[in-house]
Amino acid sequence: MDTSDALTTTKTPRATSNRSTLPAAASFAAYIGSNWAERTDVVPPAREQAAYAAARRAKLSALYPGKRLIVPAGGAKVRSNDTDFPFRAHSAFSWLTGWGADAEPDSVLVLEPTDDGHHAALFFRERAGRDSDEFYSNPQIGEFWIGARPSLAQVAADLDIATAGIAGAAEVVATSDANTLVLREADPEVTAAVDAARGDASDLDADAQLARDLSELRLVKDEFELAELRAAVASTQRGFEDVIRALPQITAHERGERVVEGVFYTRARGEGNAVGYDTIAAAGPHACILHWTRNDGPVVPGDLILIDAGVERESLYTADITRTLPVSGTFTDAQRLVYETVREAADAAFAVARPGIRFREVHAAAMGVIAKRTAEWGLLPVTAEEALEADGQQHRRYMVHGTSHHLGLDVHDCAAARREMYQDGVLEPGMVFTIEPGLYFQPDDLTVPEHLRGIGVRIEDDVVVTESGVESLSAGIPRTADEVEAWIARLRA
């Protein structure tokens, strides 16, 4: 494989023959490429995140003396024929560069070893001149199609990092050897080019360790990350309130769940980049389906609606909040029983979460409540104590997911971390995770009393570990059954 071609070739437009009817004559090319006003480059000051990204690169550098590290952003992914999904850079790339929703596809970060650490360089497809046919004829990257792209100087100033054209990345990749590591999952083309250059010197285990370390370094958030997560949660709260205000329109629509999704998305796009994950708007028995994102059902007064949603910031940090709301504004006795039991489980998790405990202890605290209550209701064939044994777990029939996951750039953050650093890891100040117990009584579950069937409840909050416990980032969003009812009444007054 020619590693240079893999990175420098301008992408060929996909299936665009019926979209583009531009003349091929040289006279047209000369005419469209001429008589443009001079472009004035405005070089911005360094963004706030730049200093934090530099500190993150320094931490990674310290783990890999003498090693060249290649971290691609990844490329656009096809949605349909010649249209792509909105581009989102790999989270590790964004963490190391500070480039969020405005990152350029196919960019590559290279940390080149030096005598005292690493030199960082960001390679990306530089802006083409207006005398280039790319400017007007390439619907994937041409400015006539997608708008102006930044210059090397602009990005260098914005991110406070050395920049170079994408051709330079090809030259670096072509010299890859046993001392070169690549984040394999980020960009298959770059990974293939690195492997081809390394040949027998490829070390897949070392590449995997790089991915692992990039996850584990993100477990503790810095001040910038915490501020972004707070802002994401605040926007998410406003999105939930938008939904509550829109309940009359939602219940009037035959696919009210879609209306919920659309109302929340409006807030996410207005205040952030987008949603951090597909919104779950699960009304009635759909609330018993953990990842219900089809959202094509009605929202019926008298039912509950479980809304699991989060606003993603331009920095790509996302909230992850769940609230279960009575559509009519008031819980029935059965709904309130289940809801308050889930809240009791969440409160138990909050009570134990503090620095020094194992992450899995948060889940264990919530499960103690779930096992106790489901046993009291006669749902279990064993006692609560027997269910909590490793070879029991009968209560998990009604809550098969975990109580917590880390949160940050990814909604399920730091997923490549080792178990001993994640599930069995010790909580430290600055870690951010969810607390989200639930109970899901399937409508056809014969182990459940009929009056509870079809009720699904989850309550999810985002917390940061402090020096003495945890702070709920979502404390402003009502949690108790009484608070939720009052919240709905106030917003619909």
Side-chain angles (χ1 to χ4, degrees), residues 232-268 270-271 275 279-289 292 295-311 319-347 350 434-441 451-452 454-462 472-493:
V233 169
S235 290
T236 299
Q237 176 173 348
R238 289 187 283 274
F240 274 87
E241 291 174 346
D242 294 339
V243 169
I244 292 172
R245 292 188 185 98
L247 278 172
Q249 299 97 297
I250 290 165
T251 56
H253 198 285
E254 64 181 355
R255 294 203 290 181
E257 291 174 341
R258 291 277 170 96
V259 182
V260 171
E261 180 182 346
V263 168
F264 188 86
Y265 187 74
T266 299
R267 176 67 66 173
E271 294 192 5
V275 290
T279 296
I280 297 169
H286 288 166
C288 300
I289 302 172
W292 175 260
N295 298 341
D296 62 355
V299 177
V300 179
D303 282 348
L304 299 176
I305 179 166
L306 186 158
I307 306 171
D308 187 335
V311 173
D320 181 9
I321 305 293
T322 304
R323 288 294 184 266
T324 306
L325 311 175
V327 177
S328 63
T330 305
F331 291 98
T332 66
D333 290 344
Q335 292 167 350
R336 178 179 279 267
L337 173 67
V338 177
Y339 186 94
E340 286 293 89
T341 298
V342 171
R343 184 177 67 84
E344 181 187 359
D347 288 349
F350 269 96
T434 65
I435 293 178
E436 51 173 311
L439 279 171
Y440 313 92
F441 298 130
H451 69 285
L452 295 181
I455 295 178
V457 172
R458 182 163 63 251
I459 304 171
E460 179 177 19
D461 289 284
D462 301 341
S472 175
L473 301 177
S474 47
I477 307 176
R479 291 178 70 249
T480 72
D482 288 344
E483 289 170 347
V484 167
E485 289 179 344
W487 188 36
I488 296 171
R490 174 173 57 83
L491 291 174
R492 294 185 61 184

### Task
Search all heavy atoms of G456 against all heavy atoms of C288 and return the closest pair with its distance.
N-SG, 3.9 Å
### Task
Provide the closest heavy-atom pair for A309 versus F240 in the form atom of the first, atom of the second, distance.
O-CE1, 4.2 Å
### Message
With rounding to the nearest 0.5 angstrom, report the OG to CZ distance, S235 to F264.
### Response
8.5 Å
### Query
Atom CG in L452, atom CG in L337: separation rounded to 0.5 Å?
6.5 Å
### Task
Decide, yes or no, whether a salt bridge links D296 with R255 under the criterion of side-chain N to carboxylate O below 4.0 Å.
no
### Summary
Taken in chain and number order and not counting sequence neighbours, the residues that satisfy side chain to side chain donor-acceptor pair (under 3.5 Å) with T480 are E483
### Message
Minimum heavy-atom separation for Y339 and A481, please, with both atom names.
### Response
CE2-N, 3.6 Å
### Query
Looking only at heavy atoms, what is the nearest atom pair of V233 and S474, with distance?
CG1-CA, 3.7 Å
#### Entry: Verdict with reasoning, L304 to V457, per side-chain contact (heavy atoms from CB on, under 4.5 Å)
CA-CA 8 Å; L304 299 176; V457 172; 3.8 Å; yes
Cut-off 3.5 Å, no hydrogens considered: what does the side-chain donor-acceptor table look like for residues 329-336, sequence neighbours left out?
from, atom 1, to, atom 2, distance (Å)
T332, OG1, Q335, N, 3.1
T332, OG1, Q335, OE1, 3.4
Q335, OE1, T332, N, 3.0
Q335, NE2, G302, O, 2.8
R336, NH1, D482, OD1, 3.0
R336, NH2, D482, OD1, 3.1
R336, NH2, E485, OE1, 3.0
R336, NH2, E485, OE2, 3.2

#### Entry: Test item: E436 side-chain N/O and I459 main-chain N/O as donor-acceptor pair under 3.5 Å
no
### Under the side chain to side chain donor-acceptor pair (under 3.5 Å) test, residues paired with N295 that sit two or more places apart
E261
### Task
Decide side-chain contact (heavy atoms from CB on, under 4.5 Å) for D308 and W292; before the verdict, give the C-alpha distance in whole Å, the side-chain angles of both, and the deciding distance to 0.1 Å.
CA-CA 10 Å; D308 187 335; W292 175 260; over 6 Å; no
#### Entry: Contacts of type side chain to side chain donor-acceptor pair (under 3.5 Å), residue E460, not counting sequence neighbours
T322
### Task
Compare every heavy atom of A246 with every heavy atom of V263, then report the nearest pair and how far apart it is.
CG2-CB, 4.1 Å
### Task
Please list, chain by chain and in numerical order, all residues satisfying side chain to side chain contact (heavy atoms under 4.5 Å, CB included) with A287, sequence neighbours excluded.
A282, L306
## Note on the structure
side chain to side chain donor-acceptor pair (under 3.5 Å) filter on R479, not counting sequence neighbours, yields D347, D461
### Query
If you measure from CG on L247 to CD1 on I488, what distance do you get to the nearest 0.5 Å?
6.5 Å
#### Entry: Minimum-distance pair of heavy atoms, taken over all atoms of P326 and V484
CD-CG1, 3.8 Å
### salt_bridge(E340, R343) N-O dist < 4.0 Å
yes
### Message
Let's go through R245 and R492 carefully: what are the C-alpha distance in whole Å and the side-chain angles of both, what is the deciding distance for side-chain contact (heavy atoms from CB on, under 4.5 Å) to 0.1 Å, and is it a yes or a no?
### Response
CA-CA 6 Å; R245 292 188 185 98; R492 294 185 61 184; 5.9 Å; no
### Query
Counting distance only, does the side-chain N/O of T236 pair as donor-acceptor with the main-chain N or O of A319 below 3.5 Å?
no
### Query
Can you find a heavy atom in the side chain of V300 that is under 4.5 Å from one in the side chain of T251?
no
### Query
If only atom types and distance count, is the side chain of Q237 paired as donor or acceptor with the main-chain N or O of G476 below 3.5 Å?
yes
### Member of I435, D320, I477 meeting the side-chain contact (heavy atoms from CB on, under 4.5 Å) criterion with D462
D320
#### Entry: Side-chain heavy atoms of V260 within contact of I307, under 4.5 Å
yes
### Query
Is the closest side-chain heavy-atom distance between I250 and V243 below 4.5 Å?
yes
